[in-house]
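Reading through the structure tokens given below for one structure.
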Amino acid sequence: MSTNDNNKFQAIIAHAKEYGFVFPSSEIYDGLSAVYDYGPWGSELKKNIRDYWWKSMTQMHENIVGVDAAIFMHPTTWKASGHVDNFSDPMIDNKDSKKRYRVDHLIEAHAETLPEQESAALLSEMEKLLAEEDFAAVKKLIEDHKIKCSISGTANWTDVRQFNLMFKTEFGAVASDNQEDNIVYLRPETAQGIFVNFLNVQKTARMKVPFGIAQTGKAFRNEIVARQFIFRMREFEQMEMQFFCRPGTQKEWFEYWKNARKQWHLSLGIPEEKYRWHPHAKPAFYADNAGDIEYEFPIGFKEVEGIHSRTDYDLTQHQTYSKKKLQYFDNDIDEATGKPYGNYVPYVIETSIGLDRMFLLILSQAYDEETLAKEDGSSETRTVLRIPPKLAPIKLAILPLTKKDGLPEIARNIMNNCRDEFYCFYEEKDAIGKRYRRMDAIGTPFCITVDHQTKEDNTVTIRYRDTMTQERLPIAAIKELVKDKIK
RNA sequence: GCGGAAGUAGCUCAGUUGGCAGAGCAUCAGUUUCCCAAACUGAAGGCCGCGGGUUCGAGCCCCGUUUUCCGCUCCA
């Protein structure tokens with residue numbers, strides 16, 4: 001990462017706050033670490049990205065429908081998904097080397113150096129203590145076995161700490177005698193809300209495999225370190241689609257979605273060379289193929305979207321834990337046997353994109369400090385957000401050149417005529433140049449200016465954000481022109 | 001969580017050896033302005049992150065704390 005690019009990242013963060021896109025959460029109380037709020041133009045931009053994704057998934061695919069599942073889910077959901085067991089790893093730090101270890105990895109590595117019997121005894125003791133969450137005893141176990149850090153060679157350890165990646169909260173007003181009964185989790189991914197509704201959706205919307213279920217919504221992960229602005233937050237929004245297909249066809253569907261998702265990104269006019277496909281060398285245990293779509297942020301190539309072939313893992317797990325059949329009866333004829341494919345648990349291809357990351361992607365791609373040569377030979381800087389018009393928070397600014405001679409009235413009429421189709425913004429304060437630059441800074445792609453000629457022939461000028469060029473056009477043509485450009 | 005740096009007006013930043021809290025831009029009111037951050041006049045804006053300490057006196061020195069950034073660490 002070059003210093004320059006880091007400066008650009010800092011500039012984007014400052015710009016996002018200054019112009020009402022993203023604020024630190026609870027800022028008057030000194031903020032809350034790694035939590036952010038979206039401001040007036042940020043919430044519009046975020047909504048537009050979400051809408052664009054939603055429409056491209058549901059409206060544009062006859063075999064994909066949406067759901068909006070609750071954030072709270074039955075606690076067993078997370079036992080079935082594996083999050084309860086795999087999403088909390090006790091850690092320990094060596095005070096000398098500052099190296100952090102997962103406790104189980106540290107002890108297992110030591111066990112491998114021991115004779116078989118001792119090794120087995122150590123591991124069973126470790127598992128017993130971890131299951132009881134007796135971390136003081138786990139630390140004693142490490143000390144008693146004189147387990148050392150491979151870097152510092154010392155056994156100078158911190159206490160064992162647990163990092164639960166899922167947030168817990170209490171459910172219901174009255175505390176139960178058994179507190180465990182009251183615990184619910186804030187979902188760490190939206191996907192499970194889709195899986196548990198698999199049959200509800202399939203039956204009620206009369207979907208036939210292959211089909212997909214889309215969902216957008218908040219998810220929560222108590223990251224050990226959450227940083228880099230809105231790139232890694234503890235509360236974030238996902239846009240996920242789970243695509244259910246016949247077992248054996250998952251490879252071709254994986255390729256299909258990998259390509260389709262790439263095309264979605266390119267449809268926003270973002271250059272292909274800013275993207276990279278990163279295949280996972282070792283996919284998670286439940287997946288048979290996985291990879292990420294990475295984008296070159298100012299802080300380097302980072303994951304924006306993951307595409308995973310999740311096999312039948314999730315549905316099978318929920319089937320086991322719920323004791324409910326989660327199968328699909330496929331009436332299509334298998335050419336190999338001449339009979340219907342029959343009952344099976346579908347395989348799943350997941351596409352999962354971070355809405356906040358996509359937001360940061362759009363900002364990173366759009367942010368530009370353009371140097372303009374002035375007539376007197378000097379130069380000035382124009383800060384402009386080249387947001388794709390279809391995603392821009394404000395589509396059209398309507399500006400009377402002066403605030404008298406009846407120009408504001410004409411501008412107001414144009415505003416009233418257009419605002420039901422797209423987001424318009426009216427402003428009569430300050431010199432026209434300053435108003436143009438303010439619109440540049442929040443990414444408004446088009447500005448209409450009403451001048452004295454308007455009173456004579458009902459024409460106005462339209463000024464384009466990216467080129468700063470202007471054209472004259474009749475008032476009657478404005479609405480269609482903008483609608484066409486934001487399509 | 002560890003190490004380093006930083007926190008002064010809405011924003012960007014000055015602030016001398018420890019001696020009255022400052023500028024530009026932005027904001028508000030008014031005048032003037034016919035196309036790219038215009039000019040003039042005036043106004044408002046501050047617990048100098050927070051809490052202690054040293055001192056006659058602290059934005060400045062010391063300790064603690066918090067937030068942010070950078071580097072580790074972690075990451076389905």
Side-chain angles (χ1 to χ4, degrees), chain A residues 1 3 6-7 9-11 13-15 17-20 23-36 81-83 86-87 89 91-102 105 151 158-159 161 163 165-166 188-189 191-192 219 221-229 231-232 238 280 282-287 290 292 299 302-303 306 308 310 313-314 350 352 370 372 374-375 380-384 399-405 407 429-441 447-455 460-465 467-470 472:
Chain A
M1 187 199 337
T3 311
N6 191 44
N7 287 345
F9 195 57
Q10 300 311 321
I13 295 168
H15 190 89
K17 187 187 167 203
E18 178 71 6
Y19 288 92
F23 309 127
S25 166
S26 319
E27 196 185 11
I28 61 169
Y29 293 109
D30 288 332
L32 185 63
S33 186
V35 185
Y36 290 89
S81 70
H83 286 82
N86 296 325
F87 232 147
D89 303 315
M91 306 283 194
I92 193 165
D93 290 1
N94 184 274
K95 290 180 186 171
D96 298 311
S97 66
K98 311 294 185 196
K99 170 84 179 162
R100 168 166 297 157
Y101 294 89
R102 269 176 63 170
H105 289 178
I151 294 170
T158 62
D159 287 343
R161 289 181 304 263
F163 296 97
L165 260 65
M166 283 198 292
E189 63 175 21
Q192 301 305 327
R221 291 183 193 176
N222 199 6
E223 302 279 354
I224 298 167
V225 176
R227 255 190 235 164
Q228 289 172 316
F229 193 41
F231 186 80
R232 178 170 284 118
Q238 295 183 304
H280 286 189
K282 285 196 299 179
F285 64 88
Y286 55 75
D292 303 327
I299 48 175
K302 299 272 186 185
E303 176 190 350
H308 295 236
R310 295 179 77 129
Y313 174 78
D314 299 278
E350 168 189 273
S352 175
E370 185 183 40
L372 302 173
K374 296 208 307 197
E375 282 178 13
E380 61 171 344
T381 303
R382 178 174 81 119
T383 301
V384 50
L399 316 168
L401 194 55
T402 64
K403 53 183 159 190
K404 52 185 187 183
D405 301 332
L407 301 188
K429 252 190 76 68
D430 291 319
I432 191 70
K434 193 176 281 189
R435 283 180 273 168
Y436 285 151
R437 296 302 176 86
R438 271 204 289 264
M439 287 298 111
D440 289 341
C447 292
I448 291 287
T449 302
V450 176
D451 57 20
H452 283 79
Q453 190 182 329
T454 307
K455 292 200 290 186
V460 293
T461 58
I462 181 165
R463 180 262 194 192
Y464 295 99
R465 173 195 70 198
T467 56
M468 296 171 66
T469 53
Q470 287 178 273
R472 259 204 117 74

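All of these numbers come straight from a predicted model, not from anything done at the bench. The basis for the numbers below is simple: all heavy atoms, side chains too, and nothing from hydrogens, waters or symmetry mates. Each chain gets a letter, A, B and so on, in the order its sequence line appears, and its residues count up from 1.
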Minimum-distance nucleotide to Glu18(A) side chain [options: C36(B), U33(B), G10(B)]:
G10(B)

Residue Leu401(A), side-chain heavy atoms: nucleotide from C35(B), A37(B), U12(B) that is nearest
C35(B)

Quote, to the nearest angstrom, the P distance that separates G59(B) from G49(B).
10 Å

Closest to side chain of Arg232(A), choosing from C75(B), C36(B), C35(B):
C75(B)

Can you tell me how far P in G15(B) sits from the matching atom in C2(B), rounded to whole Å?
32 Å

Measuring from the side chain of Ala431(A) (C-beta onward, heavy atoms only), which nucleotide among C36(B), U12(B), A38(B) has the closest atom?
A38(B)

Stems in RNA chain B: runs of 3 or more consecutive Watson-Crick or G-U pairs, distances under 3.5 Å?
B:1-7 with B:66-72, B:10-13 with B:22-25, B:27-31 with B:39-43, B:49-53 with B:61-65

Using only modelled atom types and a 3.5 angstrom limit, is any donor from either the side chain of Arg382(A) or the base of C36(B) paired with an acceptor on the other?
no

For the pair Asp440(A) and Arg463(A), find out whether any cationic side-chain nitrogen is under 4.0 Å from an anionic carboxylate oxygen.
yes

Say you pick atom C1' in U67(B) and the same atom in G30(B); how far apart are they, in whole Å?
41 Å

What's touching nucleotides 66-68 of chain B from the protein side, N or O pairs under 3.5 Å?
none

Pairwise C1' distance for G46(B) and U27(B), with rounding to whole Å:
16 Å

Taking only the P atom of each, what is the distance from C70(B) to A29(B) in whole angstrom?
39 Å

Contact between Met468(A) and Val384(A) at the side-chain level, heavy atoms closer than 4.5 Å - yes or no?
no

Side chain of Ile432(A) only, heavy atoms from C-beta on: which candidate in C36(B), A76(B), C35(B) is closest?
C35(B)

Could you tell me how far G10(B) sits from A26(B) if I compare only their C1' atoms? Round to whole Å.
7 Å

For the side chain of Tyr19(A), starting at C-beta, report the closest nucleotide among C35(B), A37(B), A38(B).
A37(B)

Met468(A) side chain, from C-beta outward: closest of U27(B), C11(B), C36(B)
C36(B)

Arg438(A) CZ to C25(B) C1', straight-line distance once rounded to whole Å:
13 Å

Give me the distance, rounded to whole Å, that separates C20(B) from A58(B) when you measure between the P atoms they each carry.
12 Å

Looking at the side chain of His83(A), which of A76(B), C35(B), C70(B) is the nearest nucleotide?
A76(B)

Return the nearest nucleotide to the side chain of Lys434(A); candidates are A26(B), C35(B), C75(B).
A26(B)

Lys429(A) side-chain proximity, nearest of A37(B), C28(B), C11(B):
C28(B)

How do Ala441(A) and Asp430(A) order along RNA chain B: which one's closest nucleotide is nearer the 5' end?
Asp430(A)

Atom pairs under 3.5 Å: protein N/O with N/O of nucleotides 39-44 of chain B:
none

